[in-house]
Amino acid sequence: MTRTIFVINGPNLNMLGTQQPEIYGLETLADIEQLCLKVGNELGFNIAFHQTNHEGDIVDLVQLAREAACAIVINPAAYTHTCVAIRDALTACDFPIIEVHISNIHRREPFRHHSYVSGVAKGVIAGLGVEGYAAAIRALATFVRT
Ligand code: DHK
């Protein structure tokens, strides 16, 4: 079985480092990718790192992961709070999924408190900054069957 973890990032996360750094920090998406590659390498996993601003592209990536991955780390960003299609795509996966948010969505505006994804994720990490991605990969290493 593959030892590839898909890390899927949603809209506006390509702007990390410059957009609302008081909430999301100064690290860029490239920094997060390097962190994920480092932790994945330590644990013997390949990391397929993706970002898109488009809802349907996330659905396509989740469907691709069913063929090519053993787990998913997903930060759907704003689509967390709006998108049933991403939830439905994730529901069809028979491997562990961890939902990550850089900020603590529960300390923010009420519309961010609900996630369509949490109900189909094995776990949810919010508010740990970019370390949430590393924690998700470390946790998956203990869950995946390879
Ligand atoms: C990122 C976003 O862009 C927001 O739309 C979410 C999430 C929170 C994060 O904290 O990583 O509400």
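Numbering of ligands and ligand atoms starts at 1, following listing order.
Annotation: ring pair (Phe, Tyr, Trp, His ring centres under 6.0 Å) contacts involving residues 4-36, sequence neighbours excluded, comprise Phe6-His50.
When all heavy atoms are compared, the tightest approach of Ala71 to Val144 is CB-CG1, 3.6 Å.
Remark: of the listed residues Asp60, Asp57, Asn9, Asn14, Asp57 is the sole one forming a side-chain contact (heavy atoms from CB on, under 4.5 Å) with Thr52.
For Asp88, the side-chain contact (heavy atoms from CB on, under 4.5 Å) partners two or more places apart in sequence, or in a different chain, are Val84. With sequence neighbours left out, the side-chain contact (heavy atoms from CB on, under 4.5 Å) criterion links Glu109 to Phe111, Arg112.
Remark: Arg3 qualifies as a cation-pi partner of Phe45 under the 6.0 Å distance and 45° angle criteria applied to the six-membered ring.
Near ligand 1, residues Tyr24, Asn75, Ala77, Ala78, His81, His101, Ile102, Ser103, Ile105, Arg108, Arg112 come within 4.0 angstrom through at least one heavy atom.
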